[in-house]
Every structure is written in C-alpha cells, then in structure tokens.
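Naming convention: chains lettered A, B, ... in sequence-line order (proteins, then strands); numbering from 1 in each chain.
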There are 2 protein chains.
Amino acid sequence: MPTIDAPTLERLTRDIFAARGVPGDDATWIATLLVRANLRGHDSHGVIRIPHYVRSMKSGDANPTPKIMIVVETPTVALIDGDRGFGQVVAKRGIALAIDKARAQGLAAVTLRNTNHVGRLADYAEMAAAEGLIGMLWVNARMALNVAPWGGAARRLGTNPHAVAVPGPDGAVAMSLDFATSVIAEGKLKVKLNRGERVAPGIMLNAAGQPSTDPREFYADPPGSLLTAGEHKGYGLSLAVEILAGILSGTGGARAEKGPVRNGTLMVCLDVQRFLPLPRFHEEVMALFGWVRSAPLASGAKEILIPGEPEARMEGERRVHGIPVEDETWRQIQECAAEVGVA
Amino acid sequence: MPTIDAPTLERLTRDIFAARGVPGDDATWIATLLVRANLRGHDSHGVIRIPHYVRSMKSGDANPTPKIMIVVETPTVALIDGDRGFGQVVAKRGIALAIDKARAQGLAAVTLRNTNHVGRLADYAEMAAAEGLIGMLWVNARMALNVAPWGGAARRLGTNPHAVAVPGPDGAVAMSLDFATSVIAEGKLKVKLNRGERVAPGIMLNAAGQPSTDPREFYADPPGSLLTAGEHKGYGLSLAVEILAGILSGTGGARAEKGPVRNGTLMVCLDVQRFLPLPRFHEEVMALFGWVRSAPLASGAKEILIPGEPEARMEGERRVHGIPVEDETWRQIQECAAEVGVA
C-alpha cells in the first residue's frame, strides 16, 4: 500500500478536477476536503471518491461549472440550488452565507439542494466554529438508502449524518461532532467484506430481517440493511434528518425512486456572543471538558476523548508520515490522472 | 394500584399547586403537562413529580410567582431568566416567544436559565409544530448527573434529552421525537430496582466501571452510571446538549458543584413556509412515512412506528380507561393534597 504525502495527493487531486473543467479555486477546494478526510482518518470520504466524482462528471450528474443560485433569501434564511455542482463547492457557498447571516442576526438557516456529495459535514460545521459560531448540519441522501427503519427489514433511509462544531479561542475548534445515525457507515462494512471478516452483532440485518454479522449478507441480492444507532433513537433522528435536510431543502426525503445521489442539507449557525461573551463561553466549555475527563476509566477503556480529538491526532500523524492509500484506490486515481494527462 | 381519570388527576394537581400560591393559570398548566406525561405513558415525568415539586416550593428552590425576565432580546434571539419558576411556566413563555420570532423572521433561538424541571421536551416542540413550525429543544440538568462519558466510569453528564417535532396539517403534529442521550432514562432503572429485576446488558456500569445488569449497583455507594445511547454518538450529542442548552443559556454545563437541579434549555423554531409551501411539506412528510412503513418487518418486530405514535396510542387508551398510579405515588399525592386541605 503506497503512502502519499498530503501536498502531493492534494496537487494530484486538484489537477485531475481542473483538467476536467472544474475552475481552479473549486478544484483546489475539492482536493483540500478530500485529502483532509484522509488526513483525519475518514478514508471513506477521502480520495477513494475521486473515480466516482470523475464518473459523475462524465455522465453529466455532476456539473463542473454550476450556476449556484440563491432561490430564497431573507436576513436569516436562504435556500440554495447547487445546479448539480460538487457538494463541496455548493456547501462552501452555503456555510459562508449562513456565517454572514448568523453574525448579523444571531442565527441563520441555509438549505442546499441539487448538489452532489457534500463530503464530511464536520468540515462546514468547523468553518462556522472557527468564526465563533456554533455550526450544525443535517444531511440526507435520498437515493443512497442502506438503513432499515427501527423494526423494519429493508433499506429505507440513508446513513443521515448530523454534525455540531463548537468554537474554541482564537479561531480554534473546541469540539467537532459528526456522526451517522446508523450504527456504522456503509464504508466500514465494505472494508470488512473485502477482508473477509465478520462485523460485531447489532450492526446489520440480513434480507430476511434477522440479525447478521456477515457483511456478504448486506451486499447480497436481496440486500441486507444497516441498523440505526441507539435503536429507535437513531431511527427517530434519521427521520428528522430526512425532513430537516431532505424535505426543507427541496431535495426530497428518502423514497423508492432511483436516480443520481443528491445530498439535501440544512446548515444552522448560532452566534455564541448573543448569549454570553466568548471568553466566558470558552472557559465554560473547557471546564465541562475537564469535568468529563476527570471520570475514572471504564473497564477496558484507554481514555476519555472529546469529539474531534481522534481526527486531530490522526491528522498530526498523517501530516508527518503520509497518507496510506490502498493499492486499488491508488491505481484508480492514477488512471483518472492518466486519462487527462496529469501525474 | 388505583386508576384515576385524567380530569380528576388534573384538578387535584392544579388544586395542590394553586393552594400553595401558584397563580391559577400556571397551576392549571403545570397540572396539564404532568397529567399529559402520564396520559402519554411517560409516568416518570407525570404526577409522580408532585411531591418533589411541593418540596421545592417549601425549600424555596421553586418560586411559585416568578418574575420571568427577558435578559437578551433581538428579533431572532432571546435569553430568558426564569427567576426559579416552574419549568413548565418558564418554557411556555419561552416557546411562545420562539414561535412569534420564528414566524416573523423564519427562525428563532430562545434559551432559558434559572428554571426548575421543564418536564417533557416534546410538549414544547409540539406547541411549535401545531403552529406550522419545526420545534427543536435541547435540555441539560447540571446538578442531576447520572451518565458516564464514553470510556468513563463515573457520572459526569445528565440524561440530556433532545426533541424535534414536525408539523402536520391543520395544527396536527406529524412526528414528535423526544429522547434521552443515555440508553434509558434513570426512572426506568428505579422501576427495575423496586421490582427486584435486572436490566438488559449495555445500559449501565457499576462503580468499578464494569458492565452491570443489576440496578442495585447503580444506586450503591459509590454509585454506578448509565451509558450513552449509541456509544460515542450519544456521548457526543450529550456534550453538545451541555453546550447548547447549559452553557448558552447561562445555566452552566455539567460540573461537580452541588445545588438545586436547574434545567438549561435551548429552543429553536424554524418556519417551514420559508422553504416550501406547507401543503407540499405535509405531502412529502406523509410520503416519507409511507415509504418507511412499507419495509417488511424485522424478525420479532410487530410494526414500524413514527416517533410520537406510541404516546398518541397510550393517550387514547388512558383517556378512556384512566391512568394507573402506583400506590406509593398516590399516597404521596394525597398527602400533598391533605397538607393544603384539598381533595
């Protein structure tokens, strides 16, 4: 498995997209976020997506030069139509608008429709947090269904993630939470499948609706389904995500209909300073984290972490030692590069 | 175990509070919400609380005639100080303000501090939904800690619930989600303790940080702790609740300090009509629910429910057949009534 340093991977990624007509700044931004996902240990959202993104451009599902339009706009609310643009590009525009509005009004809600895969929600929530705001996102994926409703035995919902990022001092991010409402993300099942391993109980059902630990049953025909995190709780939150992110944005909720994957997105930014001075807020957040970390460890646990810490550590390590890329992924990326004459 | 009809229980509850100096409308409202919790099957949030509420008034922790003050107010944001009032009374004021602001501005955020127990969050979220808004709440309880952080073995967090209610047509509520970020609420452990039963694995740790199914270990000295729902996911959401509801409201996050329980609350209301016409929204929500319900049943499951349905069914049943009240709770309520000469 090759290990590639982050700047090299970013340059190659940018060049591939730029060569296919994505404007330079957008290509750089897409490359930054894809490689950032790898840096932070979420390889399922990293450069492994390049071949798929390239296919989306070829098929016309992804528009490299979208005319992003603000369809609805008030001082606190906006609805953005992404014109089939890359999710990273549309979401960057969306969060910038939400940040501006939240600064002016105390809070703001922006929805995005007609966009491709937006990637990791944490990235946008953290952009708000770096500006002293609390950033929250909800995202559905109406055509990428792999999760069973609680009590059900077939795929009816996406992994429907939710993210919350909290500001720290001097543009830092104090906490960054980003979780799928399913027990695990689909990508992790695929890794187990490829390795011929089983998963822990409580993660998936087979097509007959029985608990299964065999990823092959998930990918069988008829397929299995993922379970929701926290049983009925993750199910309820997943439905809320369908409504908040899918229906409010005009993307639509989960449904039987087939078509290209579109992420419906809701972003809410909240200005901490409307409620209390930022220095006091930072102090209280640090006190909370200190209190939580002061607990003795549970049997078998190594430490108590704050959401975002595992990612920060992984980034520190991978910035120094490089990003391991599976042979097959690396081969596909090089193929994408060769097709457009970059390397 | 006596079975009391709802109107009788409401009248008795109202009379107890009114006799102790709670203004008539407030006493009626507190009685309505306590009995509604019983009607909807959440007995832990129902009339079982009366003796505790009465004690809070006697000790001065609860102020029957609070001067509720709006400490911060902008067109979209407000921070309310409840002057130690009953949570039901302060939260009613808060959600009314959030609803008005969201109607005018598209969305609004209101925090509450210095309030007693607010009860079930669903009640306030549903008030927003009945007005065509999406209502969301987050609540912490800085001094009522019973949940371990993920990886930890001692109580550091409250059960920190989150609620989302979604409007249906004609003032109906299409979906009402209200869940603790712990695996189960503390009240359910107490029921098991009183019955001498064990709980399922995955719910609690003993004081040594080992998995336990014995509720006696939760209530021992040193005490056990509840686990978070969905492992690290519920833990992350619980921390977010501490920050959104506790710190933003000025109530404060979880901490070692002892004192009377205060609920810190954040309410956000979002006006659906800013994003799409209500009739289309209702149609899409119904289509989503239909799609989700169309899944075949998982092994052992009886049906696929929408959040809020179990409560609605229970209410239908208990409105007809009355509310069962445990002997000890009933005895304590009658004692509270006798103390102030009502019956």
| request: Using the side chain to side chain contact (heavy atoms under 4.5 Å, CB included) rule, take A:Ile134 and B:Leu248 through it: C-alpha gap first, then chi angles, then the decisive distance, then the call. | output: CA-CA 10 Å; A:Ile134 293 177; B:Leu248 278 191; 4.0 Å; yes
| message | Looking at B:Met69, I'd like to know if its CE atom is crowded, meaning that more than 12 non-hydrogen atoms belonging to other residues, nucleotides or ligands lie closer than 6.0 Å. | response | no
| note | Heaviest contributor of heavy-atom pairs below 4.5 Å to chain B, chosen from A:Ala180, A:Ala254, A:Gly290, is A:Ala254
| task | Indicate yes or no: at least one non-hydrogen side-chain atom of A:Trp291 is less than 4.5 angstrom from one of B:Leu145. | result | yes
| note | If you tally heavy-atom pairs under 4.5 Å between each of B:Gln105, B:Gln210, B:Glu303, B:Arg255 and chain A, the highest tally belongs to B:Arg255
| Closest-packed option against chain B by number of heavy-atom pairs under 4.5 Å, given A:Leu305, A:Leu157, A:Asp271 | A:Leu305
| query | What part of B:Leu266 is in contact with chain A, defined as an atom under 4.5 angstrom from a non-hydrogen atom: side chain, backbone, both or neither? | reply | side chain
| task | Output the residues of residues 233-244 of chain A for which the shortest heavy-atom distance to chain B is under 4.5 Å, in residue-number order; output 'none' if no such residue exists. | result | A:Lys233, A:Tyr235, A:Gly236, A:Leu237, A:Leu239, A:Ala240, A:Glu242, A:Ile243, A:Leu244
| query | Given a strict heavy-atom distance threshold of 4.5 Å, which part of B:Ser225 is in contact with chain A: side chain, backbone, both, or neither? | reply | neither
| task | Answer with side chain, backbone, both or neither: which region of B:Ala287 has an atom nearer than 4.5 Å to a non-hydrogen atom of chain A? | result | neither
| Heavy-atom distance under 4.5 Å to chain B: side chain of A:Val285, backbone, both or neither? | both
| query | Within the side chain of B:Thr76, is there an N or O that forms a donor-acceptor pair under 3.5 Å with the backbone of A:Gly106? | reply | no
| What residue, out of B:Thr111, B:Val72, B:Val164, has the most heavy-atom pairs lying under 4.5 Å from chain A? | B:Thr111
| field | Per-residue contact mode, B:Val166 against chain A (heavy atom under 4.5 angstrom) | value | side chain
| note | CZ (B:Arg142) and CG (A:Leu288) are apart, to the nearest 0.5 Å, by 12.0 Å
| query | In terms of heavy-atom pairs under 4.5 Å with chain B, which of A:Ala154, A:Ala229, A:Pro75 leads? | reply | A:Ala154
| note | Given A:Gly230, A:Gly253, A:Ala109, A:Ala256, the one with more heavy-atom pairs under 4.5 angstrom with chain B than any other is A:Ala256
| request: Using non-hydrogen atoms and a 4.5 Å limit, figure out which bit of B:Ala78 sits close to chain A: side chain, backbone, both or neither. | output: backbone
| query | Side chain, backbone, both or neither: which part of A:Ser294 has a non-hydrogen atom closer than 4.5 Å to chain B? | reply | both
| task | Please look at B:Ala108 and chain A and tell me whether the side chain, the backbone, both or neither of the residue comes under 4.5 angstrom of a heavy atom of that chain. | result | backbone
| said: Which one wins on heavy-atom pair count under 4.5 Å against chain A: B:Ala174, B:Ala298, B:Ala295? | reply: B:Ala298
| request: Among A:Ala153, A:Ala301, A:Gly250, A:Gly209, single out the residue with the greatest number of heavy-atom pairs under 4.5 Å to chain B. | output: A:Ala153
| query | What part of A:Ile247 gets closer than 4.5 Å to chain B, counting heavy atoms only: side chain, backbone, both or neither? | reply | both
| task | Could you tell me which portion of B:Leu205 (side chain, backbone, both or neither) has an atom closer than 4.5 angstrom to a non-hydrogen atom of chain A? | result | side chain
| request: Please state whether the side chain, the backbone, both or neither of A:Leu297 comes within less than 4.5 Å of a heavy atom of chain B. | output: both
| remark: When the 4.5 angstrom heavy-atom criterion is applied to B:Val272 and chain A, the contacting part is both
| task | Go through the atoms of A:Pro296 and report whether side chain, backbone, both or neither lie under 4.5 Å from a heavy atom of chain B. | result | both
| query | If you tally heavy-atom pairs under 4.5 Å against chain B, which of A:Val268, A:Leu177, A:Leu107 wins? | reply | A:Leu107
| said: Heavy-atom cut-off 4.5 Å, strictly under: side chain, backbone, both or neither for A:Ser182 against chain B? | reply: backbone
| note | Here the gap from A:Thr251 atom OG1 to B:Glu284 atom CD, rounded to the nearest 0.5 Å, amounts to 9.5 Å
| field | Distance in Å, B:Arg113 CZ paired with A:Leu276 CG, rounded so as to fall on 0.5 Å steps | value | 9.5 Å
| field | Structural part of B:Ile304 lying under 4.5 Å from a heavy atom of chain A | value | both
| message | I want to check something: taking the side chain as every heavy atom from C-beta on, are A:Val77 and B:Phe275 in contact at a cut-off of under 4.5 Å? | response | yes
| query | Side chains of A:Thr74 and B:Arg274: do they bring a donor and an acceptor to under 3.5 Å? | reply | no
| task | Could you tell me which portion of B:Arg293 (side chain, backbone, both or neither) has an atom closer than 4.5 angstrom to a non-hydrogen atom of chain A? | result | neither
| field | Structural part of B:Val183 lying under 4.5 Å from a heavy atom of chain A | value | backbone
